[in-house]
Amino acid sequence: MTEYSAAAEKKSPRPEVPVQLIVFRLGNEEYGIRIEQVKEVTVTPEIARMPKTPRFVKGIANLRGDIIAIIDLEERFRLRRADQPLPLQTFTLAIEARDYTIGILVREVPQPISIPASSIEQAPDFIQDINIHDKYIEGIARVDNRIIIVLDMLKLLTPGEIMQLRPKATSSATAERK
């Protein structure tokens with residue numbers, strides 16, 4: 001390979017594969033989730049409170065026949081006071097992992113955007129939650145004058161929290177009472 005052909009190869013960059021995000025607001029900031037982590041977006045169904053769950057777990061809901069836990073990330077990230085009410089209508093992003101599906105509560109209709117992967121910078125270590133072992137902030141995206149915090153929803157919950165949210169198998173005693 002000559003010097004000329006090596007230089008020409010560097011000048012013609014390969015087209016960058018875009019990253020598709022679902023963007024929503026939490027508090028005053030914009031957050032994004034890779035579209036492949038989102039199963040669906042819907043108006044939040046009726047939520048039933050569950051005892052002995054963390055405060056950020058609003059309860060469970062029936063989403064197209066599946067019972068899923070509904071998570072309030074504003075409360076989880078302490079972006080809103082616990083006593084501050086939610087709006088009358090909220091939206092839920094159904095996030096599907098291998099072992100569970102959860103619903104993320106958002107105030108406004110989430111918007112899809114497509115951005116170049118190079119616009120997502122690695123998040124500094126100091127902005128990660130020290131209580132979570134895996135880093136759930138994938139990076140910070142700069143889009144025009146916007147800053148979007150990109151979350152990896154599959155790393156957001158701790159293993160203990162995931163165990164709390166999984167549906168329990170029906171015990172034989174419960175089955176006998178029915």
Side-chain angles (χ1 to χ4, degrees), residues 19-113 123 127-139 148-178:
V19 174
Q20 294 186 323
L21 298 175
I22 299 292
V23 177
F24 53 93
R25 283 196 166 281
L26 296 176
N28 295 323
E29 311 307 325
E30 286 188 294
Y31 289 78
I33 302 172
R34 287 181 181 259
I35 201 164
E36 58 268 13
Q37 292 182 345
V38 179
K39 180 179 176 183
E40 71 177 290
V41 177
T42 184
V43 172
T44 302
E46 186 176 334
I47 300 172
R49 290 282 307 147
M50 293 297 295
K52 298 183 181 180
T53 56
R55 288 187 65 107
F56 63 88
V57 176
K58 297 294 101 285
I60 58 171
N62 182 347
L63 189 64
R64 306 203 196 296
D66 293 328
I67 302 299
I68 64 170
I70 304 294
I71 308 290
D72 183 348
L73 289 183
E74 282 185 325
E75 198 164 319
R76 169 70 185 250
F77 296 158
R78 292 183 286 256
L79 299 173
R80 175 177 42 80
R81 294 186 330 263
D83 62 344
Q84 186 179 359
L86 287 167
L88 292 176
Q89 184 173 26
T90 59
F91 299 87
T92 297
L93 283 75
I95 309 297
E96 191 167 49
R98 190 180 70 212
D99 298 331
Y100 61 93
T101 301
I102 60 171
I104 303 299
L105 203 60
V106 297
R107 294 172 175 265
E108 302 169 359
V109 177
Q111 301 296 317
I113 66 167
I127 66 170
Q128 296 288 349
D129 187 340
I130 59 172
N131 298 320
I132 308 267
H133 300 294
D134 288 325
K135 297 178 188 243
Y136 60 83
I137 297 177
E138 182 180 328
I148 300 169
I149 301 165
V150 182
L151 302 174
D152 183 344
M153 295 308 299
L154 304 181
K155 294 181 179 178
L156 180 69
L157 301 175
T158 65
E161 289 168 341
I162 292 168
M163 292 304 292
Q164 266 189 308
L165 300 178
R166 281 194 190 148
K168 305 279 190 273
T170 306
S171 69
S172 57
T174 306
E176 289 173 12
R177 281 187 240 138
K178 290 184 178 180

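All values derive from a computational prediction rather than experimental measurement.
Atom CD of E46 has 12 or fewer heavy atoms from other residues, nucleotides or ligands within 6.0 Å.
Under the side-chain contact (heavy atoms from CB on, under 4.5 Å) criterion, R107 pairs with E74, R80, Q84, L86, P87, not counting sequence neighbours. With sequence neighbours excluded, the residues satisfying side-chain contact (heavy atoms from CB on, under 4.5 Å) with V41 are V38, L93, P110. Remark: R64 pairs with E40 by the salt bridge (charged side-chain N to carboxylate O under 4.0 Å, His left out) rule, at least two apart or across chains. Checked against side-chain hydrogen bond (donor to acceptor under 3.5 Å, both in side chains), T90 has the following partners two or more places apart in sequence or in another chain: T44. Checked against side-chain contact (heavy atoms from CB on, under 4.5 Å), A97 has the following partners two or more places apart in sequence or in another chain: Y100, L154. Qualifying side-chain contact (heavy atoms from CB on, under 4.5 Å) partners for I60, counting only residues two or more places apart in sequence or in other chains: A48, M50, I67. Applying the side-chain hydrogen bond (donor to acceptor under 3.5 Å, both in side chains) test to E96 and every residue at least two apart in sequence or in another chain returns nothing. Qualifying side-chain hydrogen bond (donor to acceptor under 3.5 Å, both in side chains) partners for N62, counting only residues two or more places apart in sequence or in other chains: none.
Counting heavy atoms from C-beta outward, L151 and I137 have side chains that approach closer than 4.5 Å.
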Test salt bridge (Lys or Arg N to Asp or Glu O under 4.0 Å) on K155 and E138 and set out the steps. CA-CA 9 Å; K155 294 181 179 178; E138 182 180 328; over 6 Å; no
Before you tell me yes or no, could you show the steps for T42 and F91 under side-chain contact (heavy atoms from CB on, under 4.5 Å), namely the whole-Å CA-CA distance, both residues' side-chain angles and the distance that decides it to 0.1 Å? CA-CA 6 Å; T42 184; F91 299 87; over 6 Å; no
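Among residues at least two apart or in separate chains, there is no salt bridge (Lys or Arg N to Asp or Glu O under 4.0 Å) pair with a member in residues 85-94.
Summarising the geometry of L63 relative to A94, their closest heavy-atom pair is CD2-CB, 3.7 Å, with the distance given to 0.1 Å. When all heavy atoms of I148 and I113 are compared, the pair lying nearest together is CD1-CD1, 3.6 Å.
The distance from the CD1 atom of I95 to the CD1 atom of I71 is 10.5 Å, given to the nearest 0.5 Å.
Between I104 and the options R76, Q37, M153, a side-chain contact (heavy atoms from CB on, under 4.5 Å) holds for only M153.
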Residues 19-31 side chain polar contacts: donor-acceptor under 3.5 Å, at least two apart:
| unit_1 | atom_1 | unit_2 | atom_2 | d |
| --- | --- | --- | --- | --- |
| R25 | NH1 | N28 | O | 2.8 |
| E30 | OE1 | R146 | NE | 2.9 |
| E30 | OE2 | R146 | NH2 | 2.8 |

